[in-house]
Engineer: 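Below you will find the structure I want to go over with you.
So you know, we letter chains A, B, ... as the sequences are listed, proteins then strands, and number each from 1. Quick note: numbers below take in every heavy atom, side chains included, and nothing from hydrogens, waters or symmetry partners.
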Amino acid sequence: MLHDTLNLVAGLDFSILPQQLVNGLLLGSVYALIALGYTMVYGVLRLINFAHGEVFMLGSYAALFTSWSLGFSPEALAGQDKPSSWINLVLMLVVSMVVCGLIGMAIEFLAYRPMRNQPRIASLITAIGVSLFIQYAGGLFLPQSPPPAISEQVNPYRNEKVTVTLAPPPQDLVVQAKDARAKADQMDKAYEAAKAKGDPTSLESMRQETQAAKNAASNLETQVASKSTGLTVPYGQLGMLLTTLVLMALLWFIVQKTKTGRAMRAVAHDFDSAALMGVNVGRIITITFVIGSALAGAGAMMYATVLRTPLTPFLGVTPGVKAFVAAVLGGIGNIPGAVLGGILMGIVETLVVWLDGVVPGLSGYKDAVAFVVLIAVLLFRPGGLLGSSKVEKV
Amino acid sequence: MRKTINIASFFALATSIVLGAYGCKDSGASGSTAGTTGTTGSNSTAGGETAGSGGTTGSGRKDPAKDGSDIGEPIKIGLVASQNGDLKPWGDDCVKGANMAVDEINAAGGINGKKVLLLTEDSNSDPVAGKNAASKLVTDGCVGILGEVASGITQQMANVAFDAGLPIVAVGATRTDISDIGSNFFRVCYTDDFQGPVMAKFAYDYLSLRNVAIMTDNKQPYSVGLSDSFRKAFEGYGGKIVDEQKYQSKETQFSSYISNMKSKSPDGVFLSGYFTEVGPIVSQMRAAGLNMPVLGGDGWDSAQLQTSGGQAIVGGFFCNHYNNEEKRPEVQKFLADWKAKYSGVPGTTMGALGYDAAKLLCDAIKRAMDKGGKKSKDISAALEDTSDFAGVSGKVTLKGMKGNPAKRALVVKVTANGTTFEKAYEPEELAK
């Protein structure tokens, strides 16, 4: 038994563990951003807003349309290179957040407000209805076939990355790789020139040599990449993390330091008493929806731009479920809990994939493992990690 | 404590409902990513269930019980195509190709003096609608049916054709097991079993790769099957599969798989999934410092490949049926005719395959009539007898192949705004 365990541990590749933890953190930060919307709405209304994932989906489409109107549609680009700047990214982010904020407001006003004095189960079913309505109405009106994706060219930092080296690769290997790549590029140019000229006699042998040189170069580069223990984070993903942190800090400031935030906390604490004390409860609920949805919009824009997943009207389902689980894991209604839950989910998922190295097939269960963690946490802390039966909500 | 129960029951209800919604939309969404490779639709009705079939003949497959329609005048043939829905780009090209073929035949005097009439029905990219469309064509008195571009729809149509005793020539259905339905089923495209060996040979011989990693979409049978056949063939050539990472459709963040793969130092990566995930994977691979060649199957075949894969996917290779840039005279003639009739070039591979399917069926009708055949049954027999039929997409031989032609496959290279022809493999070159 002990022997088996030791064997398992020996099979793990610890040199990639730091990178995997960072991967998990990056993945989790998006979950956290979406989870905040669930948790805030639950905090003030005791309502699980199932349409939140759909708000996320609409946010990614808003980012797509913004990028198109900025001239980054496939038709406008037509395979050409087009320079972009960070202003485009900020514009897309702002448009996504504003659009999602408005949609959140509309959903609250049209669907949830009429249900406010009904039993809670009525609101819950309404939320599911809104979610399905947006998915299928989106299917009628949004471009989805083939699923569009935001062009990478809108992101001027797409080729840049931060590399933190914990254990450097052998220096001579780095030099070798560089030389090999230069040589391969040169041979490739010569080959393409010969091909354009149409000199068939030596073309095939030339192609083989070029391919060999390219393979040698990419092999050396892979060795450099795998022999160094370190972290590689593309700028885009780093930007996602930083934006998430800034937005979270902003949220904390609003909730803790402003008058509106105080009113939100009061509504969360006791709905009726807050109303009696002169808090405009309707307004506060609207603001909560707007803020929560705008955060989802920010997450959606980054998700669609940096990870560049093709968009469909069902895009929001998976991140929505994950973020919801993250919110419950952290203690629904609790803001730091949503952040903790999201990051924990991201890291657990990533580590399950890492463990796939010694337990083949495990990565297929990564969503299941995330749920197992949730169940385990709820067994011992029914209110979630940071929640309790008497939490101070929002 | 009450609050806890509330949360728990909320959670249980919520998850089940949300997950339920997720499950049911899955089948619908797969069509949009399926392209021509055919996971669209159900695979519940296997052909073997159809009752009342006669014995098996030399083809080794079950024969339909009925003899089918009479060859009348004009000779009616039917086409089911996805003129609406997810598969519209492929369906439209297929219709254009088939029409072009029939017009050519009629302009040359028809088949033995009889005109050919092509009846087209829309399947709306949906297996059930495709089945109804096929039934309508049977009632209309067609002697044979063409279509579809995806496997799920084709399977439904093939069952209808089997019951009616009509031959069916599939255009772009690559799933291997459809041909088991009966001795009336034929296709003009290669099957999924063939793509893996093609790409394995290309990787081993042409790119000189020896240590390849595989990335499989564990949720798509197409991807799992393709990965397996690639692995088998590549190991057969003496190469080594150093790693296989299994992701799931709709994932977006692949860095954990990529980190795992990186530690195994592969010199090439085979991605058997659809372009929706392949694009993001490859761009995230490049961002992580992995520059080795990437290859895949016809799940990559989409105009959206470059949008989802960006600059990173350029230079990747995948397997396809046909490419506009091929220099063979058949292709050049086809492109010139297409340009004269429709202007431009076919946007998908289905233009050429639709053309080939219609030409093949008419050729078989002629051969059947020459032998004195009068019924659909005779056309099936003539199709079974096809050898070295010269199609635009390559030679088609169906004799003794159980409906699955041994056909040439192309490997195409991804460019910034399309694909370019890289290498063709004839079936003989893949003897193993």
Side-chain angles (χ1 to χ4, degrees), chain A residues 13 15-16 19-20 23-24 26-27 48 50 74 78-79 124 128 131-132 135 144-149 151-152 158 161 208 211-212 215 217-219 221-223 225-226 232 234 303 307-310 312 314 317-318 320-321 324 328 332 349-350 353-354 356-357 361 363-364 378 382-383 389, chain B residues 1 3-4 7-8 10-11 13-15 17-19 21-22 25 29 32-33 85-86 88-89 206-209 218 245-248 250 252-253 255-257 259-260 262-268 276 279-280 283-284 287-293 302-304 306-308 310-311 415-417:
Chain A
D13 186 349
S15 69
I16 57 171
Q19 175 76 54
Q20 293 289 35
N23 292 342
L26 295 167
L27 180 63
I48 294 171
F50 279 109
L124 186 75
I128 293 165
S131 164
L132 293 175
Q135 281 173 19
Q144 52 161 328
S145 172
S151 165
E152 67 171 352
R158 61 183 179 274
K161 56 195 173 218
Q208 280 174 6
Q211 189 61 50
N215 286 351
S218 76
N219 276 346
E221 282 161 359
T222 311
Q223 276 184 40
S226 60
T232 309
Y303 203 74
L307 303 177
R308 291 223 333 293
T309 177
T312 73
F314 301 100
V317 178
T318 314
V321 172
F324 172 59
V328 176
I332 193 150
E349 277 186 24
T350 314
V353 176
W354 177 60
D356 187 71
S363 69
L378 289 187
S389 53
Chain B
M1 195 58 207
K3 186 162 281 161
T4 346
I7 292 175
F10 264 31
F11 169 68
L13 175 67
T15 348
I17 292 176
V18 172
L19 286 179
Y22 179 59
K25 71 113 221 292
S32 62
T33 59
D86 288 343
K88 183 172 164 57
Y206 193 81
L207 296 180
S208 317
L209 304 178
N218 222 8
Q245 294 291 321
K246 293 177 178 167
Y247 62 94
Q248 289 167 19
K250 296 190 170 57
T252 49
Q253 180 48 292
S255 40
S256 48
Y257 303 106
S259 299
N260 274 356
K262 192 160 141 182
S263 67
K264 304 278 169 58
S265 303
D267 58 11
T276 32
S283 61
Q284 289 172 32
L290 297 180
N291 298 323
M292 65 280 281
S302 163
Q304 291 291 319
Q306 282 86 348
T307 357
S308 74
Q311 195 55 40
T415 62
N417 44 12

Engineer: Between OG of S263(B) and CD of Q19(A), what distance do you get to the nearest 0.5 Å?
Structural biologist: 11.5 Å

Engineer: Are Q211(A) and P293(B) side-chain neighbours, meaning at least one heavy-atom pair lies under 4.5 Å?
Structural biologist: yes

Engineer: Which atoms of Y247(B) come close to chain A, meaning under 4.5 Å heavy atom to heavy atom: side chain ones, backbone ones, both, or neither?
Structural biologist: neither

Engineer: Could you measure the distance from the CG atom of D356(A) to the NZ atom of K246(B)? Nearest 0.5 Å is fine.
Structural biologist: 8.5 Å

Engineer: Got a second to check how far L207(B)'s CG is from Q208(A)'s CD, nearest 0.5 Å?
Structural biologist: 11.0 Å

Engineer: I'd like to check S256(B) versus W354(A) (side-chain heavy atoms, cut-off strictly below 4.5 Å). Are they in contact?
Structural biologist: no

Engineer: Roughly how far, to the nearest 0.5 Å, is CD1 of I16(A) from CG of N260(B)?
Structural biologist: 4.5 Å

Engineer: Which residues pass the side-chain hydrogen bond (donor to acceptor under 3.5 Å, both in side chains) test with Q311(B), not counting sequence neighbours?
Structural biologist: none

Engineer: Would you say that Q284(B) contacts L307(A) through its side chain, given a criterion of any heavy-atom pair below 4.5 Å between the two side chains?
Structural biologist: yes

Engineer: Just so I understand: if I count every heavy-atom pair under 4.5 Å between each of G268(B), A288(B), A287(B) and chain A, which residue has the most?
Structural biologist: A287(B)

Engineer: Is T415(B) close to chain A through its backbone or its side chain, or both, or neither, when contacts mean heavy atoms under 4.5 Å?
Structural biologist: neither

Engineer: What part of L27(A) gets closer than 4.5 Å to chain B, counting heavy atoms only: side chain, backbone, both or neither?
Structural biologist: both

Engineer: Is there side-chain contact between P280(B) and P310(A), with heavy atoms separated by less than 4.5 Å?
Structural biologist: yes

Engineer: Answer with yes or no whether the side chains of T252(B) and Y303(A) bring together a donor and an acceptor at under 3.5 Å.
Structural biologist: yes

Engineer: Between N23(A) and S259(B), is there a side-chain donor-acceptor contact under 3.5 Å, judged purely by atom types and distance?
Structural biologist: yes

Engineer: As an exercise, state the distance from OG of S363(A) to CG of N218(B), rounded to the nearest 0.5 Å.
Structural biologist: 7.0 Å

Engineer: Hey, does L209(B) have a side-chain heavy atom less than 4.5 Å from the side chain of N215(A)?
Structural biologist: yes

Engineer: Got a sec, which residues hit side-chain hydrogen bond (donor to acceptor under 3.5 Å, both in side chains) with N291(B), two or more places apart in sequence or on another chain?
Structural biologist: E221(A)

